[in-house]
Student: 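Take a look at this one; I'll ask things after.
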Amino acid sequence: MADALQPQAPPRRTRRRFFWPGGLSARLLILTILFVVSAGALALPPALAAFEEQWLLDRVRAAELATIAPDVAPDRVVSEALAAQLLEGAGVQRVAIQTEGMRRLVLQGPKLERAPYLVDLRDQAPISWLAAPFQTLLGGGEGRMVRVIAEPRIRKADFIEIVAPDAVLKRELTRYLWQLLLIMAFVATVAGILVYLSLAFFLVRPMQRITNAMERFRADPDDPASHLDPSGRRDEIGRAEVELDLMQADLRVALNSRARLAALGEAVAKINHDLRNMLTSAQIASERLAASRDPKVAQALPRLERALDRAVKLATDVLVYGKTQEAAPDISAMPFAPALEMAAEEARLSDDSVRLETLIDPADQVIADPDQLHRIVANLLRNAREAIEAQEGRTAPGVVTVSLSQAEGATLIRFSDNGPGVSKRAQEKIFQPFAGSSRPGGAGLGLAIARELAQGHGGDLTLAETGEQGSVFELRLPGAPPQLKTKRARAKGA
């Protein structure tokens with residue numbers, strides 16, 4: 001009973017390629033921070049672009065008001081001192097207006113040392129509008145100017161154009177950026193904490209409760225603490241609690257039944273052992289009866305011997321049936337060509353019936369358990385031979401071709417035959433015991449056993465192709481060992 005209830009070892013964990021915490025709470029916290037920061041990062045460019053656009057518009061409106069002074073001045077001319085005062089008040093260095101296709105420089109400051117870059121506020125594309133603040137922040141050099149064109153609101157003109165120093169805009173934009181970052185950090189912290197606490201309360205804690213119950217149940221199914229009382233929630237967590245409670249009840253019943261069956265099997269094995277001893281004694285007695293000259297004894301003796309033989313065979317089959325679980329494979333690197341030849345001999349492949357063709361280098365190796373690999377290959381070759389021999393109206397000689405290739409750290413062995421193929425009905429259950437045989441009289445165990453052994457190695461056995469031209473089975477084994485250093489290879493190297 002202890003062996004029946006012993007839990008299996010947990011699967012081996014693969015090594016992580018990057019750091020990722022194992023706890024759900026830690027992962028939730030990291031994801032919350034990443035999502036909030038990402039949302040803030042997406043909102044940052046539009047905010048900066050709107051701030052820069054408003055700052056430039058403020059300069060344009062101030063410059064537009066300053067252009068009224070020359071219109072009301074005597075002779076429409078202002079002094080240099082007044083012009084400098086107007087430009088300084090507007091925060092610009094030049095103001096120009098275009099009316100009816102003619103551009104006129106209204107206020108002019110000092111001569112520009114370098115050409116300014118252009119920002120047209122009349123029609124900005126979304127990409128250029130979002131990229132403008134970063135162009136301002138990352139642009140280098142002192143004395144950099146920006147030329148801004150916008151539609152006027154006070155004057156009737158085609159457009160108004162100003163030239164303003166870039167340093168002031170850059171300084172104001174940097175200050176606003178830091179303000180945004182501080183606000184975003186505060187909002188992200190508060191939102192992250194609230195989201196994390198909410199999710200931890202509604203999701204993480206219930207999941208931890210379910211996980212603890214599952215771990216306790218796995219360690220000891222009879223432990224009362226492993227029982228999970230459903231909380232009555234109507235969401236997915238509540239459904240998971242109810243299903244876990246039902247599953248634990250079903251598993252307890254199954255484990256109790258398994259324990260009873262294990263005890264029953266042990267009792268049957270003991271009874272079977274004693275029964276075989278009794279049958280042996282009966283066989284000895286039948287041998288002594290064979291020396292009797294009584295005609296009645298001589299007439300009944302053959303039936304007695306046949307009954308005893310059937311009883312002994314049945315007792316042996318009962319013991320064999322109790323050992324159907326395959327042992328773990330003892331894998332090692334081994335040459336495949338000799339193993340293929342031994343399996344072909346056991347499967348009775350020969351030049352007279354079904355011929356074996358190999359496309360395998362004698363130096364090719366595989367990583368497998370020798371005995372289990374022999375059973376896999378022998379089953380596949382035997383199935384191919386029997387399918388070819390059972391094909392009605394066949395005139396062409398039967399051929400089974402075996403090839404081996406290595407790729408992506410695995411070994412792929414292909415078994416191709418020119419038999420009748422596998423019917424569509426048989427393909428659905430081809431690897432199921434007692435159900436996958438399409439040959440009359442077949443038990444359907446060969447392919448099921450072969451696939452079970454292949455999966456025990458960490459690989460698999462699949463039906464790759466089938467049709468009127470034949471079938472192709474692919475045996476995939478983990479590992480790609482290097483070729484053996486044969487004498488021929490050493491001679492070439494020499």
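Side chains are part of it too, since the values below use all heavy atoms of this structure and drop only hydrogens, waters and symmetry mates.
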Student: Using modelled atom types only, decide if a donor and an acceptor are shared between the side chain of N379 and the backbone of R375 within a distance under 3.5 Å.
Tutor: yes

Student: Which pair of non-hydrogen atoms, one from A343 and one from L381, has the smallest distance, and what is that distance?
Tutor: C-CD1, 4.0 Å

Student: Between P335 and L484, is there a side-chain heavy-atom distance shorter than 4.5 Å?
Tutor: yes

Student: Taking atom types as modelled, find out whether D58 and Q54 have a side-chain donor-acceptor pair closer than 3.5 angstrom.
Tutor: yes

Student: Quick one: pull up OG1 in T211 and CZ in R209 and give me the separation to the nearest 0.5 Å.
Tutor: 11.5 Å

Student: Does K170 come within less than 4.0 Å of E52, counting only side-chain N to carboxylate O?
Tutor: no

Student: List the atom of R252, the atom of P221, and the distance in Å for their closest heavy-atom pair.
Tutor: NE-O, 3.0 Å

Student: Please answer whether the main-chain N or O of I360 pairs with a side-chain N or O of D364 as donor and acceptor at a distance below 3.5 Å.
Tutor: no

Student: Would you kindly check if the NZ (Lys) or CZ (Arg) of R147 is within the cone defined by 45 degrees around the ring axis of Y117 and under 6.0 Å from the six-membered ring centre?
Tutor: no

Student: For D460, does its backbone N or O pair with a side-chain atom of Q455 as donor and acceptor, under 3.5 Å?
Tutor: no

Student: Got a donor-acceptor contact below 3.5 angstrom from the D166 side chain to the V146 backbone?
Tutor: no

Student: Can you confirm whether D120 sits close enough to V148 that some side-chain heavy atom of one is under 4.5 Å from a side-chain heavy atom of the other?
Tutor: no

Student: More than 12 heavy atoms of other residues, nucleotides or ligands under 6.0 Å from CD of Q469: is that the case?
Tutor: yes

Student: I'd like to know if the side chain of E151 and the backbone of R122 have a donor-acceptor N/O pair within less than 3.5 Å.
Tutor: no

Student: Does E215 come within less than 4.0 Å of R218, counting only side-chain N to carboxylate O?
Tutor: no

Student: Are more than 12 heavy atoms from other residues, nucleotides or ligands located less than 6.0 Å from atom CE of M214?
Tutor: no

Student: F473 vs F431 aromatic rings, parallel, tilted or perpendicular, using cut-offs 30° and 60°?
Tutor: perpendicular

Student: So does G467 get a backbone contact from the side chain of S471, meaning a donor-acceptor N/O pair under 3.5 Å?
Tutor: no

Student: If you round to the nearest 0.5 Å, how far is CG of L461 from CD1 of I413?
Tutor: 10.5 Å

Student: Between F159 and P152, which heavy-atom pair has the shortest distance, and what is it?
Tutor: CA-CD, 3.7 Å

Student: Are any of the side-chain nitrogens in R103 or E161 under 4.0 Å away from the carboxylate oxygens of its partner?
Tutor: yes

Student: Going through the checks in order, is the side-chain contact (heavy atoms from CB on, under 4.5 Å) test met by L340 and T358?
Tutor: CA-CA 9 Å; L340 178 61; T358 61; 3.3 Å; yes

Student: Do we see a donor-acceptor contact under 3.5 Å between the side chains of W129 and E53?
Tutor: yes

Student: Assess whether side-chain contact (heavy atoms from CB on, under 4.5 Å) is satisfied between Q93 and M145, documenting all intermediate values.
Tutor: CA-CA 9 Å; Q93 292 195 2; M145 297 290 177; 3.2 Å; yes

Student: Can a donor-acceptor pair be found, under 3.5 Å and without considering hydrogens, that links the side chain of T411 to the backbone of G479?
Tutor: yes

Student: State whether W178 and R175 meet the cation-pi test: NZ (Lys) or CZ (Arg) under 6.0 Å from the six-membered ring centroid, and within 45° of the perpendicular axis.
Tutor: no

Student: Decide, yes or no, whether a salt bridge links R414 with E474 under the criterion of side-chain N to carboxylate O below 4.0 Å.
Tutor: yes

Student: Whether the side chain of H457 engages the backbone of P478 through a donor-acceptor N/O pair (distance < 3.5 Å, no angle test) should be reported.
Tutor: no

Student: E64 side chain to R155 main-chain N or O, any donor-acceptor pair under 3.5 Å?
Tutor: yes

Student: How long is the straight-line distance from OG1 of T462 back to CD1 of I430, given to the nearest 0.5 Å?
Tutor: 10.5 Å

Student: Can you name the closest pair of heavy atoms from P165 and W55 and give their distance?
Tutor: O-CH2, 4.4 Å

Student: Closer than 3.5 angstrom, by distance alone: can the side chain of N418 be matched with the main-chain N or O of V399 as a donor-acceptor pair?
Tutor: yes

Student: Could you verify whether a donor N or O on one side chain and an acceptor N or O on the other, from S416 and T401, lie under 3.5 Å apart?
Tutor: no

Student: Knowing that exactly one of D369, L475, I376, D371 qualifies, which makes a side-chain contact (heavy atoms from CB on, under 4.5 Å) with L453?
Tutor: I376

